[in-house]
Amino acid sequence: MLSKKTKYAIKALVALGKNVEKPPMQISKIAEEEHIPKKFLEQILLDLRNAGFLYSKKGAGGGYSLNKRPEEILLVHVMRVTDGPIAMVPCASLNFYHKCDECEDEKTCGIRSAFIDVRDATLKVLSETSIADVIGREGTLKLGIESL
């Protein structure tokens, strides 16, 4: 399941992606518009800034803005920054691998094999979906609702 931290990070990046041609957004505005607790958002934005996704400006007119184009920010990278591994079991993880304590033989473990398939399918979607794509989907979905 997607953690609140990751969901809020994506929501904040989408808000900033929609604001890309405007001045930096203040944390309080993002928190209010996206219904994210401000203190939690502060930590998330700091993590995203440290990962190179965001630029921050202090003082009057300050706030956060994207440091990359929305097309360049992939969901897979956001998830790895906020939550770490994509795989649901540690023995199937590419970047955070460790052997399961209860596993006798990884080579013949059906659970591991199934969850490697899940990981690969998930990685494919997350690696092909950017913040710009999420913004585009949002627009398409809103158009679909308005035409009903």
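FYI, the numbering just counts along the sequence from 1. Values reported hereafter were calculated over all heavy atoms of this structure, with side chains retained and with hydrogens, waters and symmetry mates removed.
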Atom pair [atom1]/[atom2] of [X] and [Y] - distance to nearest 0.5 Å:
X    : Y    : atom1 : atom2 : value
L74  : T129 : CG    : OG1   : 8.0 Å
I36  : K4   : CD1   : NZ    : 10.5 Å
I73  : I10  : CD1   : CD1   : 11.0 Å
Y64  : L13  : OH    : CG    : 12.0 Å
T140 : D133 : OG1   : CG    : 10.5 Å
M25  : L66  : CE    : CG    : 10.5 Å

Which pair of heavy atoms, one from [X] and one from [Y], lies closest together, and at what distance?
X    : Y    : value
N19  : P24  : ND2-C, 4.5 Å
E106 : C91  : OE2-CB, 3.7 Å
P37  : Y8   : CD-CE1, 3.7 Å
C103 : C109 : SG-CB, 3.9 Å
S93  : F96  : OG-N, 2.9 Å

Test of understanding: clusters of I, L, V, M, F, W, Y form through side-chain heavy atoms closer than 4.5 Å, transitively. Do [X] and [Y] belong to the same one?
X   : Y   : result
V81 : I44 : yes
L2  : L75 : yes
F40 : L45 : yes

Side-chain contact test, heavy atoms from C-beta onward, threshold under 4.5 Å: evaluate it for [X] versus [Y] and give yes or no.
X    : Y   : answer
T122 : V76 : no
L123 : L94 : yes
I131 : F53 : no

(request) State which residues pass side chain to side chain donor-acceptor pair (under 3.5 Å) with Q43; sequence neighbours excluded, sorted by chain then number. (result)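 Per chain and number, Q43 pairs via side chain to side chain donor-acceptor pair (under 3.5 Å) with D47.
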(request) Return the set of residues passing side chain to side chain donor-acceptor pair (under 3.5 Å) with D101 (not counting sequence neighbours), or none when no residue passes. (result)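 D101 satisfies side chain to side chain donor-acceptor pair (under 3.5 Å) with no other residue.
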(message) Can you list, by chain and residue number, the hydrophobic cluster partners of V118 when the side-chain cut-off is 4.5 Å?
(response)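 Under the 4.5 Å side-chain rule, V118 groups with M88, V89, I111, F115.
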(message) With a 4.0 Å cut-off on N to O distance, would you call E42 and K39 a salt bridge?
(response)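 Answer for the salt bridge query: yes.
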